[in-house]
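Pasting in a structure now, in structure tokens, and then I'll have a few things to ask.
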Amino acid sequence: MRAARFVMLLSGAVAASSAKAEQFQLPPEVTPALRAACETDVRRLCIGKDPTVAKVKSCVFRKYFQLGRKCQVELASLGFGR
């Protein structure tokens, strides 16, 4: 449950980076460290045409081992996969 909530928040962070900062506030669970560690990988692997939270969430679960080491470590430190 924690991992699912976290992935949803992460996908929101990636989507938010496309939006103007004044239009979207990241939830407090998406830390600057998490965003810095994962945003590039998530964009590269999981953001295609017409991304949705569900698609990005599913992709992060499927491609966890293709994410960079820093992203994997950050996700693990937040309880991903437990």
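In this text the structure is predicted, and so the values were computed from the model without any measurement.
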Listed partners of Ala33 passing side-chain contact (heavy atoms from CB on, under 4.5 Å), at least two apart: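 Listed in chain order: Thr31, Glu74.
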Only counting residues at least two apart or in another chain, list the ones meeting salt bridge (charged side-chain N to carboxylate O under 4.0 Å, His left out) with Arg44.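 For Arg44 the salt bridge (charged side-chain N to carboxylate O under 4.0 Å, His left out) partners, ignoring immediate neighbours, are Asp41.
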For Lys55, enumerate each residue passing the side-chain contact (heavy atoms from CB on, under 4.5 Å) test, keeping only those at least two apart in sequence or located in another chain.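 Expected list: Asp50, Thr52.
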Any link between Val73 and Phe65 through a network of hydrophobic side chains (Ile, Leu, Val, Met, Phe, Trp, Tyr) touching at under 4.5 Å?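 Each belongs to a different hydrophobic cluster.
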Note, Leu67 side chain near Lys63 side chain (heavy atom, < 4.5 Å):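 No - every pair of side-chain heavy atoms lies 4.5 Å or more apart.
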Any chance you could measure Arg35, atom CZ, to Thr40, atom OG1, to the nearest 0.5 Å?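 So the CZ of Arg35 and the OG1 of Thr40 are separated by 10.5 Å.
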Heavy-atom closest pair, residues Cys71 and Ala37: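 Cys71 and Ala37 have their closest heavy atoms at CB-O, 3.3 Å.
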Treating Ile, Leu, Val, Met, Phe, Trp and Tyr as nodes and any side-chain heavy-atom pair under 4.5 angstrom as an edge, say whether Leu78 and Phe61 lie in one connected cluster.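 In one cluster: yes.
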Test item: Val60 and Cys46 side chains (from C-beta on) under 4.5 Å apart, heavy atoms: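 Val60 vs Cys46: side chains touch.
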Quick check: closest heavy atoms across Leu45 and Cys59, and the distance to 0.1 Å?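 Heavy atoms of Leu45 and Cys59 come nearest at O-SG, 3.3 Å.
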